[in-house]
Novice: 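So that we are looking at the same thing, I have put the structure below in structure tokens.
Counting begins at 1 with the first residue of the sequence. Start at 1 and go down the list; that is how both ligands and their atoms are numbered.
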Amino acid sequence: MADTRSSIHGQWSSRWAFILAATGSAVGLGNIWRFPYLAGENGGGAFVLVYLFFVFVVGIPIMMAEILIGRRGRQSPINTMRTLAEEEGLGRYWSLLGWMGVFAGFIILSYYSVIAGWTIAYIFRTGTGMFDNVNAELSASIFSNLISDPEKLLVWHTTFMMMTILVVARGVKSGLEKAVRFLMPALFFLLLLMVGYAMSTEKFMDGLSYLFIPDFVALAKKDLFADVFLPALGQAFFSLSLGMGAIMVYGSYLSNKSSIASTSISIALADTSVAILAGIAIFPIVFTYGIEPSGGPGLIFISLPIAFGQMPYGTVFGCLFFLLLAFAAWTSAISLLEPAVTWLVENRNINRIKATGIAGMIAWTLGVVTVLSFNHWAFSFTFAGSLKENGLFDMMDILTSNIMLPLGGLLVAIFASWLMSRKSTIDELGMGDGIIYRLWLFAVRYIAPLGVIMIFLNAIGLFKLLGLSN
Ligand code: TRP
């Protein structure tokens, strides 16, 4: 039956198109903006190694599970979960997993769009030579000028959300392929250029060792689970676009012939290398110019422009860099909206254009909360051993990445490995029941669920209450 099902929303033109789209979804602000600032807040090396471990051991198997579920159901995540649960003789309430994803998607998109707005603002700031020879202090004040002005933030947030709505309304296929095929390699190339610049700075080695060598002295002061494992797990989900149905809905447009395993590995490798390159480019600059690595979400917006202000043709490269980053954010944002839109089209009997307008408006409205988090509504609190200064924005980010996405991933893993029949998953993965299948099954049955549950329990201190940890 699954073989004959087809999506009313269309299909990718090839496996390559799917890889491009999913990579476009994965590579975005998460890699270049979020990864470095979290690594900086959570102590560098240890965070990075744990993050890499999670990408390969938890992330890739769950990505495979999401794609296989999506392709088998071929509908919006909500309806896919309901259909497959019924097919496997389970309750309809599995559709709640899809609902949680839609909610997480709205929240993430709402703040993602505001940050993407900063990126657009920086295309103009770098392009007009505003950073020529600036020092760290001046760069920081240019940044705080931007985020303390809600009107500016609102303009760019609105611009970015409209761009996102435009693409999703036309259907995620058209245009996306071209954007990703040319712009991703260009972004990659510019990152390499930045790494080259970082190599020429005084503190290149300091940056590298900060990024890759765990600082055990600093670690001893931290709560390993709450301060390192949980944010690293959250970042693995965020960066790979997992846990809310984005990859599931993209999987629903994938043809039956394509291999899910090798596709997932390629996407994860591309995504991870972009994040690592961004880290290598940024931390040497951070140390050379005396910027505080734990400074939070402004990290790349303060550090990189200083480098652009120093290097030859920095105005051109800086402008281009933020332009490409905005494109990368764009191809990610559309995947955050797509699950909600497909559901509206399927269940509310409205066309895609109207559905996208409605969903986009909801996310835009919620985005106003983030706009105000950096100025009028700002307050601070401590989480994961670091000071979070942008109240509601930080809370929404923590709630989604550290809780909702891992929880979504956990349920996906349980559904695919414990509840779907072996016949269904073997049939869908299409690689027989050999060693790779068994490794995958083991990872989604045991490693991913136990990992997520252990980290959750420890992070909320339950083990402490029970006296099981020191
Ligand atoms: N992965 C994207 C990034 O790193 C953001 C993103 C897109 C996302 N779709 C998602 C995050 C779904 C979580 C879930 O920028």
Novice: Give, for atom CG of L392 and atom CG of L372, the distance between the pair rounded to the nearest 0.5 Å.
Specialist: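 If I round to the nearest 0.5 Å, the distance is 9.0 Å.
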Novice: Are R82 and W94 in a cation-pi contact, defined as NZ or CZ under 6.0 Å from the six-membered ring centre and within 45° of the axis?
Specialist: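 Output no; distance or angle outside limits.
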Novice: Tell me whether the centres of the aromatic rings in F393 and F374 are closer together than 6.0 Å.
Specialist: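 Yes - the distance between ring centres of F393 and F374 falls below the 6.0 Å cut-off.
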Novice: Identify the closest protein heavy atom to atom 15 (O) of ligand 1: which residue and atom is it, and at what distance?
Specialist: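 The closest one turns out to be Y112 OH, 2.5 Å.
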Novice: For A26, is at least one N or O under 3.5 Å away from an N or O on ligand 1?
Specialist: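 Looking only at distances, the answer is yes, because the N/O contact criterion of under 3.5 Å is met.
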Novice: Can you pull out the closest protein heavy atom to atom 6 (C) of ligand 1? Residue, atom name and distance to 0.1 Å, please.
Specialist: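 For atom 6 (C) of ligand 1, the nearest protein heavy atom is S241 OG, 3.5 Å.
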Novice: Report the nearest protein non-hydrogen atom to atom 9 (N) of ligand 1: residue, atom name, distance rounded to 0.1 Å.
Specialist: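 Atom 9 (N) of ligand 1 sits closest to the protein heavy atom S335 OG, 3.0 Å.
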Novice: Can you tell me how the ring of W33 sits relative to the ring of W118, calling it parallel under 30°, perpendicular over 60° and tilted otherwise?
Specialist: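 Ring orientation of W33 relative to W118: perpendicular.
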Novice: Just to confirm my output: which protein heavy-atom neighbour is closest to atom 13 (C) of ligand 1, and how far is it?
Specialist: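 Going atom by atom, the protein heavy atom closest to atom 13 (C) of ligand 1 ends up being L405 CD1, 3.6 Å.
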Novice: Is A246 in polar range of ligand 1, meaning some N or O pair under 3.5 Å apart?
Specialist: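 N/O-N/O distance under 3.5 Å: no.
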Novice: Could you find the nearest protein heavy atom to atom 11 (C) of ligand 1 and give me its residue, atom name and distance?
Specialist: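 The protein heavy atom lying closest is F238 O, 3.2 Å.
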Novice: Where does S25 meet ligand 1, judged by heavy-atom distances below 4.0 Å: at the side chain, the backbone, both, or neither?
Specialist: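 For S25, backbone and side-chain atoms both sit under 4.0 Å from ligand 1.
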Novice: Identify, by atom number and element, the atoms of ligand 1 in contact range of L29, meaning under 4.0 Å from any of its heavy atoms.
Specialist: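 Near L29, the atoms of ligand 1 are 15 (O).
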Novice: Would you indicate whether F381, at its atom CZ, is surrounded by more than 12 heavy atoms from other residues, nucleotides or ligands within a distance under 6.0 Å?
Specialist: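 More than 12 heavy atoms, drawn from other residues, nucleotides or ligands, come within 6.0 Å of this atom.
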Novice: I'd like to know if W33 contacts ligand 1, where contact means a heavy-atom distance under 4.0 Å to any ligand atom.
Specialist: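 Contact check W33 vs ligand 1: negative.
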Novice: Whether R34 engages the ring of F238 as a cation-pi pair (distance to the six-membered ring centre under 6.0 angstrom, angle to the ring normal within 45°) should be assessed.
Specialist: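 Yes.
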Novice: Which bit of I247 is near ligand 1, meaning a heavy atom under 4.0 Å away: side chain, backbone, both or neither?
Specialist: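 It is neither part, as no heavy atom is under 4.0 Å.
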Novice: Need the ligand 1 atom indices (1-based, order shown) with element for anything under 4.0 Å from a heavy-atom of L336.
Specialist: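 Close to L336: 7 (C), 8 (C), 9 (N), 10 (C), 12 (C).
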Novice: For the CH2 atom on W16, are there more than 12 heavy atoms of other groups (residues, nucleotides or ligands in this structure) within a distance under 6.0 Å?
Specialist: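 Open: at most 12 neighbouring heavy atoms sit under 6.0 Å from CH2 of W16.
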Novice: Would you mind running through ligand 1 and noting each atom that sits below 4.0 Å from a heavy atom of S239?
Specialist: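 Within the 4.0 Å cut-off of S239, ligand 1 contributes 1 (N), 4 (O).
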Novice: Tell me the nearest of M244, R34, M404 to atom 14 (C) of ligand 1, using heavy-atom distances.
Specialist: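 The option holding the nearest heavy atom is M244.
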Novice: Are F321 and F317 close enough that their ring centers fall under 6.0 Å?
Specialist: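 No, the ring centres sit 6.0 Å or more apart.
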Novice: Count the heavy atoms belonging to other residues, nucleotides or ligands that lie under 6.0 Å from CZ of F212, then report whether that count exceeds 12.
Specialist: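 Yes, because the 6.0 Å sphere around CZ of F212 holds more than 12 heavy atoms from other groups.
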Novice: Please determine if E338 and R352 form a salt bridge, counting it only when a charged side-chain N lies under 4.0 Å from a carboxylate O.
Specialist: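 Yes, this pair counts.
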Novice: Is G30 close to ligand 1, meaning an N/O of one under 3.5 Å from an N/O of the other?
Specialist: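 Among all N and O atoms of G30, at least one is under 3.5 Å from an N or O of ligand 1.
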